[in-house]
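First up is the structure itself, then whatever we jot down about it.
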Amino acid sequence: MNLKTTHLNETYQFDSLKELFAKANEEKSGDRLAGVAAESVQERIAAKTVLSDILLQDIRENPLLSPEEDEVSRVIEGEMNETVYEAVKQWSVAELREHILSTDTSGEDIKRISRGLNSEMIAAVAKLMSNLDLVHAANKLEILTKCNITIGQKGTLASRLQPNHPTDSVEGMLASLREGLSYGSGDAVIGINPVEESVESVKRMLHATKDFMNEWEIPSQNCVLAHVNAQMKAMEQGAPADMIFQSIAGTERANKSFGINAELLREANNLAKTMGTGTGPQRLYFETGQGSELSAEAHEGIDQLTLESRNYGFARHYDPFIVNTVVGFIGPEYLYNTKQVIRAGLEDHFMGKMHLLPMGVDICYTNHMKADQNDMEDLGVLLSTAGVNFVIATPMGDDCMLNYQSMSFHDIATLRETFGHRPSPEYETWLEKMGIMENGRLTAAAGDPTIFLK
């Protein structure tokens with residue numbers, strides 16, 4: 001491999017593919033905190049120049065974290081389709097980018113080559129793309145999945161309804177749930193982050209949501225986002241869970257800090273298939289976010305974009321129903337400001353779709369980050385254009401339990417109306433039955449949670 005280039009009479013030499021990958025990234029505070037970022041714009045341009053000529057074969061044969069050392073690497077390597085890889089391995093990263101963006105390349109064409117690409121190859125091409133490139137490429141891909149209903153159809157925008165409560169009050173949770181449903185949110189999942197991750201708390205929330213869904217015949221999925229072990233125990237004790245959730249990371253050591261490994265996730269998937277209330281075939285929900293490996297001190301010297309792509313390679317093995325990145329949740333140490341959050345959101349969505357994942361985004365920020373709600377609305381517009389499968393919605397865009405800002409139920413309705421997007425078809429039929437929607441638009445009855453008190 002050639003890891004050297006000259007720009008304006010200055011020579012830039014990169015010592016390894018790992019260093020080259022990191023320095024080809026757009027500016028991220030997390031990479032700087034990890035000590036792997038480019039020192040200047042000029043060095044970043046030089047790194048992109050060198051990376052563009054690297055062959056896909058070079059990337060596979062020089063792993064940033066070898067399968068002998070790391071379980072995530074082994075899972076990713078095991079997913080490679082050798083026939084497809086043989087057809088593309090002599091492509092440069094620049095040629096892969098041109099192929100993906102070409103007018104003559106369809107979404108189905110991209111899907112065919114995806115199985116011959118590993119996560120580092122997908123990360124590499126993302127580093128060479130502009131924001132518009134990331135939007136255009138992701139929009140080509142339609143990724144359909146089914147738990148109780150099917151989501152991801154072109155022209156739709158699904159949402160996770162997140163009715164969190166700071167004391168895990170069932171009545172408080174149901175109040176938020178009623179409001180969200182009245183605005184048409186909730187087709188991707190009704191998903192609750194519990195304050196207390198005990199088995200009894202998880203069971204209480206699962207029963208409450210499932211009882212409500214059954215009473216109103218809501219065609220969606222329920223999930224309580226506790227640790228996978230608590231969910232499995234709750235399910236074994238008869239709790240009605242449509243899906244099992246878990247946060248994942250891009251290295252084995254980071255996953256260990258979450259208390260998980262590949263075998264545990266396989267057990268969870270099998271349990272969801274045998275004891276869960278979801279009809280399937282997909283029954284898992286994964287959550288990711290750039291910077292999680294660094295916060296766990298388990299980044300292995302790899303940049304956060306590449307680690308995020310490895311998340312998706314790991315997730316792909318389990319065929320999940322939904323995956324989302326909580327793009328601005330971890331904090332300014334990893335994504336400092338609006339520009340970095342927007343860039344990361346577009347990168348994550350593109351890389352997830354390139355792994356053929358049903359990709360969603362929690363369009364969010366913490367209050368100590370240099371961002372505001374207008375910035376999140378900007379990212380919502382960009383992701384809607386990019387064909388995001390779903391986004392997360394909280395009451396008034398303010399999660400009173402997790403203490404961060406996201407999108408509101410109103411925002412989801414506005415994005416749908418602005419872009420002519422619809423809810424998932426089965427969910428839209430139910431909304432019409434409830435008088436909340438008609439001909440793809442909310443009715444005068446929308447926004448009235450007392451519909452669900454009658």
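Below, all heavy atoms of this structure are taken into account, side chains as well, without hydrogens, waters or symmetry copies. Index from 1, following the sequence.
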Original post:
Crowded around Glu217 CD? As in, over 12 foreign heavy atoms under 6.0 Å?
Top reply: no

Subject >> Worked check of side chain to side chain contact (heavy atoms under 4.5 Å, CB included) between Thr394 and Met407 >> reply: CA-CA 6 Å; Thr394 60; Met407 299 292 273; over 6 Å; no

Subject >> Worked check of side chain to side chain contact (heavy atoms under 4.5 Å, CB included) between Ile248 and Leu265 >> reply: CA-CA 10 Å; Ile248 60 173; Leu265 295 181; 4.1 Å; yes

Original post:
Taking atom types as modelled, is there a side-chain donor on Gln162 or Ser406 under 3.5 Å from an acceptor on the other?
Top reply: no

Subject >> Asp31 side chain to Gln304 backbone, donor-acceptor under 3.5 Å >> reply: yes

**OP:** Using only heavy-atom distances, determine whether the side chains of Gln57 and Gln90 contain a donor-acceptor pair under 3.5 Å.
**Re:** yes

Original post:
Between Lys89 and Glu86, is the closest basic N to carboxylate O distance under 4.0 Å?
Top reply: yes

**OP:** Could you tell me whether the side chains of His7 and Thr49 share a donor-acceptor contact shorter than 3.5 Å?
**Re:** yes

Subject >> Check: Glu197 side chain, His227 main-chain N or O, donor-acceptor pair, under 3.5 Å >> reply: yes

**OP:** May I ask you to decide if Leu65's main-chain N or O and Glu300's side chain share a donor-acceptor pair within less than 3.5 Å?
**Re:** no

**OP:** Flag the pair Ile342 / Leu346 as yes when at least one side-chain heavy-atom distance between them is below 4.5 Å, and no otherwise.
**Re:** yes

**OP:** Compare every heavy atom of Gly191 with every heavy atom of Pro163, then report the nearest pair and how far apart it is.
**Re:** CD-O, 3.7 Å

Subject >> Nearest atoms (heavy-atom pairs only) where Met80 meets Gly116 >> reply: CE-O, 3.4 Å

Subject >> Expected output: side-chain Ser159 to main-chain Gly186 donor-acceptor under 3.5 Å >> reply: yes

Original post:
Between Leu206 and Ala234, what is the shortest heavy-atom contact and its length?
Top reply: CD1-CB, 4.4 Å

Original post:
Does a side-chain N-to-carboxylate-O contact under 4.0 Å join Glu82 and Arg60?
Top reply: yes

Original post:
Do Val88 and Leu96 touch side chain to side chain, with heavy atoms closer than 4.5 Å?
Top reply: no

Original post:
What closest approach, in Å, do Ala188 and Ser220 show between heavy atoms, and which atom pair accounts for it?
Top reply: C-OG, 4.3 Å

Original post:
Using a distance-only test with no angle check, is there a side-chain donor-acceptor pair under 3.5 angstrom linking Thr6 and Thr11?
Top reply: yes

Original post:
Does any N or O in the side chain of Thr274 come within less than 3.5 Å of the main-chain N or O of Leu271, such that one atom is a donor and the other an acceptor?
Top reply: yes

Original post:
Salt bridge or not for Lys48 and Asp53, using N-O below 4.0 Å?
Top reply: no

Original post:
Can you name the closest pair of heavy atoms from Tyr334 and Ser295 and give their distance?
Top reply: OH-CB, 3.2 Å

Subject >> Heavy-atom donor-acceptor pair, Ser114 side chain to Met354 backbone, under 3.5 Å >> reply: yes

Original post:
Hey, is Asp303 close enough to Arg44 for a salt bridge, meaning N to O under 4.0 Å?
Top reply: no

Subject >> Asn311 side chain vs Phe314 backbone, donor-acceptor pair below 3.5 Å >> reply: no

**OP:** For residues Leu157 and Phe419, determine if any side-chain heavy atom of one lies less than 4.5 Å from a side-chain heavy atom of the other.
**Re:** no

Subject >> Full working for side chain to side chain contact (heavy atoms under 4.5 Å, CB included) between Ser408 and Asp411 >> reply: CA-CA 5 Å; Ser408 74; Asp411 295 331; 3.1 Å; yes

Original post:
Quick one: do Asp362 and Arg160 make a salt bridge, cutoff under 4.0 Å?
Top reply: no

**OP:** State whether Lys23 and Glu19 are salt-bridged, where the test is any N-O pair (Lys NZ or Arg NE/NH1/NH2 against Asp/Glu carboxylate O) under 4.0 Å.
**Re:** yes

Original post:
With a 3.5 Å cut-off and no angle check, do the side chains of Arg74 and Ser66 form a donor-acceptor pair?
Top reply: no

**OP:** Give a yes or no on whether a salt bridge exists between Arg115 and Glu79, defined as a side-chain N under 4.0 angstrom from a carboxylate O.
**Re:** yes

Subject >> Spacing of CG belonging to Asn389 relative to CG belonging to Asp187, to within rounding of 0.5 Å >> reply: 10.5 Å

Subject >> Derivation and outcome, side chain to side chain contact (heavy atoms under 4.5 Å, CB included), residues Met359 and Phe390 >> reply: CA-CA 7 Å; Met359 198 64 199; Phe390 73 100; over 6 Å; no

Original post:
Is it true that Glu108 and Lys111 make a salt bridge, defined as a side-chain N closer than 4.0 Å to a carboxylate O?
Top reply: yes

Original post:
Looking only at side chains, do Lys146 and Thr279 share a donor and an acceptor under 3.5 Å apart?
Top reply: yes

Original post:
From Arg343 CZ over to Asp348 CG, what is the distance, rounded to the nearest 0.5 angstrom?
Top reply: 10.5 Å

**OP:** Ignoring hydrogens and angles, tell me if any N or O in the side chain of Thr429 forms a donor-acceptor pair with the backbone of Pro425 under 3.5 Å.
**Re:** yes

**OP:** Take the angle between the ring planes of His410 and Tyr183 and call it parallel below 30°, perpendicular above 60°, tilted in between.
**Re:** tilted

Original post:
Would a distance-only check, ignoring hydrogens and angles, find a side-chain to backbone donor-acceptor pair under 3.5 Å from Asn193 to Leu225?
Top reply: no

Original post:
Just wondering, do Val391 and Ile412 contact through their side chains at under 4.5 Å, heavy atoms?
Top reply: yes

Original post:
So, Thr251 versus His299: side-chain donor-acceptor pair below 3.5 Å or not?
Top reply: no

Subject >> Between CD on residue Glu98 and OG on residue Ser92, distance to nearest 0.5 Å >> reply: 9.0 Å

**OP:** Could you tell me the separation between the CG atom of Leu307 and the CD atom of Glu293, rounded to the nearest 0.5 Å?
**Re:** 4.5 Å

Subject >> Residues Ser73 and Arg310: side-chain donor-acceptor under 3.5 angstrom >> reply: yes

Subject >> Short N-O contact, Asp242 and Arg283, less than 4.0 angstrom >> reply: no

Subject >> Presence of salt bridge, Glu27 and Lys339, under 4.0 angstrom >> reply: no

**OP:** Please determine if Glu263 and Arg266 form a salt bridge, counting it only when a charged side-chain N lies under 4.0 Å from a carboxylate O.
**Re:** yes

Original post:
Is Thr145 reaching over with its side chain to a backbone N or O of Phe321, donor-acceptor style, under 3.5 angstrom?
Top reply: yes

Original post:
Can Glu308 and Thr288 be said to form a side-chain hydrogen bond (donor to acceptor under 3.5 Å, both in side chains), step by step?
Top reply: CA-CA 7 Å; Glu308 183 70 9; Thr288 71; 2.5 Å; yes

Subject >> Nearest non-hydrogen partners of Ala254 and Ala298, listed with the distance >> reply: N-CB, 3.4 Å

Original post:
Hey, what do you get for CG (Leu117) to OH (Tyr85), rounding to the nearest 0.5 Å?
Top reply: 10.5 Å

Subject >> Charged N-O contact under 4.0 Å between Glu297 and Arg253 >> reply: no

Original post:
Looking at Lys28 and Glu347, does any basic side-chain N land under 4.0 Å from a carboxylate oxygen?
Top reply: yes

Original post:
Does the side chain of Glu432 come under 3.5 Å of the side chain of Asn439 through a donor N or O and an acceptor N or O?
Top reply: no

Original post:
Do the side-chain N and O atoms of Lys127 and Asn25 include a donor-acceptor pair separated by under 3.5 angstrom?
Top reply: yes

**OP:** First locate atom CD1 of Ile363, then atom CG of Asp375, and finally report the distance between them rounded to the nearest 0.5 Å.
**Re:** 12.0 Å

Original post:
Got more than 12 heavy atoms from elsewhere within 6.0 Å of CZ, Phe14?
Top reply: yes

Expected list for residues 376-387: side-chain donor-acceptor pairs under 3.5 angstrom, two or more places apart:
residue	atom	partner	partner atom	Å
Ser384	OG	Gly380	O	2.8
Thr385	OG1	Val381	O	2.9

